[in-house]
2 protein chains.
Amino acid sequence: MKLTDQKIRAIKWENDFLYLLDQRLLPNQEVYVQFTSSRNVADAIRDMVVRGAPAIGITAAYAVVLSAQSHRDLPNWREAVLDDIEILQNSRPTAVNLAWALTRMRKRLLAEMTDPVNDLLQEAQTIHQEDVTANYHMAKAGAAFLVPGSRVLTHCNTGALATGGYGTALGVIRRAWEKGKLERVYADETRPWLQGSRLTAWELQQEGIPTTLICEGAAASLMRQQRVDWVIVGADRIVANGDVANKIGTYSLAVLARQHGVKFMVVAPNSTVDMTIGKGSDIPIEFRSAEELIKIGEIQVGVTNIDAWNPAFDITPSELIDCIVTETAVIECPNRERMRATFR
Amino acid sequence: MKLTDQKIRAIKWENDFLYLLDQRLLPNQEVYVQFTSSRNVADAIRDMVVRGAPAIGITAAYAVVLSAQSHRDLPNWREAVLDDIEILQNSRPTAVNLAWALTRMRKRLLAEMTDPVNDLLQEAQTIHQEDVTANYHMAKAGAAFLVPGSRVLTHCNTGALATGGYGTALGVIRRAWEKGKLERVYADETRPWLQGSRLTAWELQQEGIPTTLICEGAAASLMRQQRVDWVIVGADRIVANGDVANKIGTYSLAVLARQHGVKFMVVAPNSTVDMTIGKGSDIPIEFRSAEELIKIGEIQVGVTNIDAWNPAFDITPSELIDCIVTETAVIECPNRERMRATFR
């Protein structure tokens, strides 16, 4: 489970610079973009060169190293790095892993250091490595819920591309496949960004896991025809009462799952848990442009100058969730009391 | 409400030939394709040059005229036309309006005729005109349910492009707008064919009706935030127990609407009603290729060689429908008894 053992690596630190696999170009092109400045990384997070809550946290941690590297000869270099951390922090609002990783990097920055750039790099690599390790733990715990022959519906991409490696919800799916428990994965294409058809299908295809693509509108029929046993998704933020922010469309699946007797699992590392927020409706939700709906790449697919309501995330209330799986805990039927008992 | 008064005309008979506005190219290009042969029209229906249950019925009726025109000098011309009717019949399986219109044309064909081509043309034009008239009746009856300030979510395209003119569900929305009852339309983009962002948004924009585009995954959040009062959709087939086949994604909206206290209206002409089928699960559902999900125009958006589950339609059970509106009837809380009482 070393970083370099991962087959798919969305985030690499090599020769003193950060490299991101440009997820906007997948699956048509596999292009790594080199980053030398923290500000460019902040733009890349906003523009979704990299996406997925854990992946943007790890990326931001490496960006802090780039910032220290650029500014180390300045007398007030720490201030400059803190400014860059602030900019990184504001690149995307909903996923809390970003704030979590930056808090860790800030703490390291303000502590005693012998070789600042190297010490910060070590911290970023630790965050990265811990994420991969966490994913293996979650995968094991989550897959334990599945029985042989399970059919799983997943949404968005929660795999190696969305994390340090292996994946959260997709890690559970990978593990279930390895253990012979998985009959088929249904992947929601996940509009508007098509993470399902571009990224999840791409990851699953590489491992030969039987995958069927559907559009979001087909999920209800699929469930009604009893072709799904579990919906398994990731999370961008899990708050004190067990409500979950995740990719737009998740809440819809949760309502439909409950209606059709399908189980619903959320898989995310502890760094996704934010006990400072009481309930889902208080989570800041990022709204993105109408362009995302009416253009695909450079192609205009819909009418121009149309208003769109394009929240990137939605809130799934804890009542609709059968279990939340993190690297240290499994919370069945999550609620405020169970969350508090686990995460204090 | 004459055919030629319609602002948007998807289907035109001019100078002895049929012209279809190529809906695959909208909204980027407005191109009319000329048809001189019935077989080419059957291909065009299959390839969705024209779509929408009432529109394909009307189109097929005109195709029968083309067939008669091509074959009128043959001794066995009626046989040749019957063969073409058979091919048209098989072009798309789910919408029953196609079968309904062809049954009417077949009946006319087999009856006494003085001038076959002209007599058949008259029948096709009558079907077309009746559809427009029906739409105005439905619009009035459906809009009567709405109160001022209504926010409506619609799915797919049910407007002038999907019918002889004015529209079914979109006819209700047009009428509500004309009567000052409509605050806003939310249009589901409607994957995979994007009828919402390409066609519905295009129609509504031309009339200045306030329209907001959403992706299917956002509908549940929109309802949870109490931004929708009614879901109003069309139908491809309504069967004896009140179950409705309509564009994939409709059933999902019906479940979500019920869950969130949003009303659900189905608007379709009597020609959509098929009392020979007892329940929704017996309606033949058309499955389309994976290509529709992973390619947009010529652009590859997802991975290649992926399996997809791509039903073009789903079934909404009558229990989730608040009212069905046709040109002659309004059936509230539809069920087998009420359907039988209305349509015998």
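Residue numbers begin at 1 in each chain, while the letters A, B, ... track the order of the sequences. These figures come from a predicted structure and were not determined experimentally.
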ask   = What's the shortest heavy-atom distance between W309(B) and S221(A), and which atoms?
value =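 So the two residues come closest at CH2-CB, 3.8 Å.
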key: Close side-chain approach of P317(B) and R224(A), heavy atoms under 4.5 Å   =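 Yes, side chains in contact.
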query = Could you name the residues of residues 234-249 of chain A that have a heavy atom within less than 4.5 Å of a heavy atom in chain B?
reply =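 Expected list: I248(A), G249(A).
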key: Side chain / backbone / both / neither for T304(B) at chain A, heavy atoms under 4.5 Å   =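 Backbone only.
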message = Is S281(A) close to chain B through its backbone or its side chain, or both, or neither, when contacts mean heavy atoms under 4.5 Å?
response =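 Neither the backbone nor the side chain of S281(A) comes within 4.5 Å of chain B.
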query = If you count heavy-atom pairs under 4.5 Å between each of G196(B), A187(B), A220(B) and chain A, which one has the most?
reply =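 It is A220(B).
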task = Counting only heavy atoms closer than 4.5 Å, note whether E189(B) contacts chain A via side chain, backbone, both or neither.
result =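 For E189(B), side-chain heavy atoms alone lie under 4.5 Å from chain A.
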query = Which residues satisfy the side chain to side chain contact (heavy atoms under 4.5 Å, CB included) test with A162(B), sequence neighbours excluded?
reply =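 Expected list: R51(B), N157(B).
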Interface residues of residues 286-296 of chain B facing chain A - heavy atom cut-off under 4.5 Å =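 L293(B), I294(B), I296(B), listed by number.
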message = Tell me the closest heavy-atom pair linking V301(B) and R198(A), and the distance in Å.
response =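 The answer is O-CG, 2.8 Å.
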key: Which atoms of I306(A) approach chain B - backbone, side chain, both or neither, heavy atom under 4.5 Å   =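 Interface part for I306(A): both.
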ask   = Among H155(A), R191(A), Q300(A), M223(A), which residue forms the greatest number of heavy-atom pairs with chain B at distances under 4.5 Å?
value =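 Among H155(A), R191(A), Q300(A), M223(A), the one with the most close pairs to chain B is R191(A).
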key: Top contributor to chain A interface from D188(B), L194(B), V303(B), L222(B) [non-hydrogen pairs under 4.5 Å]   =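 Most pairs with chain A among the choices: V303(B).
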query = With a 4.5 angstrom heavy-atom cut-off, which part of N28(B) approaches chain A: side chain, backbone, both or neither?
reply =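 For N28(B), the side chain is the part near chain A, not the backbone.
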request  = Mind checking the CD-CD1 spacing from Q225(B) to I285(A)? Nearest 0.5 Å is all I need.
outcome  =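 Q225(B) CD to I285(A) CD1: 8.5 Å, rounded to 0.5 Å.
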message = Between A219(B), P192(B), S197(B), P311(B), who has the most heavy-atom pairs with chain A when the cutoff is under 4.5 Å?
response =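 Between A219(B), P192(B), S197(B), P311(B), the count favours S197(B).
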request  = Over all heavy atoms of both residues, which pair between S252(B) and S252(A) is shortest? Give the atoms and the distance, please.
outcome  =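 Scanning both residues completely, I find the closest heavy atoms to be OG-OG, 4.2 Å.
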query = How close do Q205(B) and N305(A) get, heavy atom to heavy atom, and via which atoms?
reply =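 Shortest heavy-atom contact: NE2-O, 3.2 Å.
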message = Around atom NZ of K181(B), are there more than 12 heavy atoms from other residues, nucleotides or ligands closer than 6.0 Å?
response =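 Yes, the 6.0 Å shell around NZ holds more than 12 heavy atoms from other groups.
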ask   = Does atom CD of E207(B) have more than 12 heavy-atom neighbours from other groups under 6.0 Å away?
value =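 Yes, the 6.0 Å shell around CD holds more than 12 heavy atoms from other groups.
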request  = Determine whether D307(B) and R184(A) make a side-chain contact, defined as any pair of heavy atoms from C-beta on separated by less than 4.5 Å.
outcome  =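 Yes; the side chains approach each other to less than 4.5 Å.
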task = Enumerate by number any residue of residues 209-217 of chain A whose heavy atoms lie under 4.5 Å from heavy atoms of chain B; in the absence of such residues, state 'none'.
result =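 If one takes a 4.5 Å heavy-atom cut-off, the residues of residues 209-217 of chain A near chain B are T211(A), T212(A), L213(A), I214(A), C215(A), E216(A), G217(A).
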query = With chain B, which of T250(A), L256(A), L204(A) has the greatest number of heavy-atom pairs at distances under 4.5 Å?
reply =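 Most pairs with chain B among the choices: L256(A).
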key: Heavy-atom contact with chain B under 4.5 Å, split by part of H260(A)   =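 The side chain, not the backbone.
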